[in-house]
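Here the structure is laid out as structure tokens; the discussion comes afterwards.
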There are 2 protein chains.
Amino acid sequence: MESEELRNVGLKVTSPRLKILSLLENAKAKHMTAETIYRQLGESGEVIGLATVYRALAQFEAAGLITRHQFEGGQTVFELERGPHHDHIVCVRCGRVEEFYDKVIEDRQREIAENLGFTLSDHALTLYGECSGGTCPAKNG
Amino acid sequence: MESEELRNVGLKVTSPRLKILSLLENAKAKHMTAETIYRQLGESGEVIGLATVYRALAQFEAAGLITRHQFEGGQTVFELERGPHHDHIVCVRCGRVEEFYDKVIEDRQREIAENLGFTLSDHALTLYGECSGGTCPAKNG
DNA sequence: CTTGCACATGAGAATCATTATCATGTAGCA
DNA sequence: TGCTACATGATAATGATTCTCATGTGCAAG
Ligand SMILES: [Zn+2]
Ligand SMILES: [Zn+2]
Ligand SMILES: [Zn+2]
Ligand SMILES: [Zn+2]
């Protein structure tokens, strides 16, 4: 359970941390802002200080439990680090976020870094465009 | 000259705009924050309001004269849009920024977007790592 | 089962980059 | 030259995130 996860990464098991982790697992949206997490918890009766949410998220990230993404224009979003690495494509109209993984790109990144004399430690790749989903205003423009 | 550039994109030619454009062209650093631009202008006797710097940069970007990048941890940087498109690799130790262009990655991005039903309009790719440059503290442990 | 202490929490203040306001100045065209 | 829409600058406001500090608590040692 979630208590295990916290212990495994050396964090004390506390009520706010459990609630935040649990929300991240059960929420309908996979990518959430700190504000959203704070509000959703509040609405379901689990009132937690906003500062605590930010602190917990920072610790979860440092511990490798979650990742942080900064999509342009929007605020920082967090998501559970489950499954393999992936990057994102964001609809500039409706905000829909899809995930993808591309081995060709991942490999090229490593080669590029090497050629430039860098030891690659991380990367951020986000594509932006207009989607053709049913909820996208771009469809019935 | 710079006046031409401004006229060509439909912006009035004003003293602050000319000074900012000129600084971007002559500065040693290619990627600069609004603050840095503001401070460097002030130090060279060309005092301009910070708000004006931000406004001008936003207009230059909308006009396609410059591009904006948000490297993680740091603040937004701007650079002249000259020459072909490129992405960046940033040293997480010393902050050094190098540029690169990779056709394989660019092409793959377009394909990925199409496969997901998106019309690609933009992308942000930044690699992070440790460089081996002479100024990098990573070199002398 | 207690106890102690390092660490966690929450409310609110503080910070920092960026944007908005508004009174005044000016580019560019008739 | 004069008009008018737009630009400027000082400053206030905003919004996300972080800090402060008084208080509460997980948990390991006894
Ligand atoms: Zn994701
Ligand atoms: Zn869409
Ligand atoms: Zn660049
Ligand atoms: Zn370096």
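Below, chain A is the first sequence line, B the second, and so on; all start at residue 1.
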Tell me the interatomic distance from Gln75(B), atom CD, to dA16(D), atom C1', rounded to whole angstroms. 15 Å
Whole-Å distance, Phe71(A) CZ to dA16(D) P, equals 17 Å
Taking CG from Leu50(A) and P from dT15(C), how many angstroms apart are they, rounded to a whole number? 18 Å
Salt-bridge contact Lys103(B)-Glu106(B) (side-chain N to carboxylate O under 4.0 Å): no
Between the side chains of Glu25(A) and Arg82(A), is the shortest nitrogen-to-carboxylate-oxygen separation below 4.0 Å, so that they form an ion pair? yes
Separation of dT17(D) P from Gln59(A) CD (nearest whole Å): 16 Å
Is the phosphate of dT18(D), meaning OP1 or OP2, less than 4.0 Å from a side-chain N or O of Tyr54(A)? no
Answer yes or no: is there an ion pair linking Glu98(B) with Arg96(B), defined by an N-O contact shorter than 4.0 Å? yes
Contact state string [nucleotides 21-28 of chain C, B base, S sugar-phosphate only, - no protein heavy atom under 4.0 Å]: B-----BS
Any salt bridge between Arg39(A) and Glu35(A), counting N to O under 4.0 Å? yes
For the helix from dC1(C)-dG30(D) to dA30(C)-dT1(D), measure the angle between the helix axis at one end and the axis at the other, each built from five pairs, rounding to 10°. 30°
Run the ring-centre check on Phe71(A) versus His88(A) and record whether the distance is less than 6.0 Å. yes
How close or far is atom P of dT9(C) from atom CG of Leu18(A), stated in whole angstroms? 10 Å
What orientation do His69(B) and His86(B) show, parallel under 30°, tilted 30 to 60°, or perpendicular over 60°? tilted
Rounded off to whole Å, could you give me the OH-to-P distance for the Tyr38(A) and dA11(C) pair? 7 Å
Expressed in angstrom and rounded to an integer, what is the separation of Glu46(B) atom CD from dG9(D) atom C1'? 16 Å
What is the distance, to the nearest angstrom, from the CD atom on Gln70(B) to the P atom on dA17(C)? 12 Å
Is the closest basic N to carboxylate O distance between Glu79(A) and Arg68(A) below 4.0 Å? no
Using modelled atom types only, decide if a donor and an acceptor are shared between the side chain of Thr119(A) and the backbone of Gly129(B) within a distance under 3.5 Å. no
Respond yes when some side-chain nitrogen or oxygen of Thr76(B) is under 4.0 Å from OP1 or OP2 of dT18(C), and no when none is. yes
Would you check if there is a donor-acceptor pair between the side chains of Thr52(B) and Arg55(B) at a distance under 3.5 Å? yes
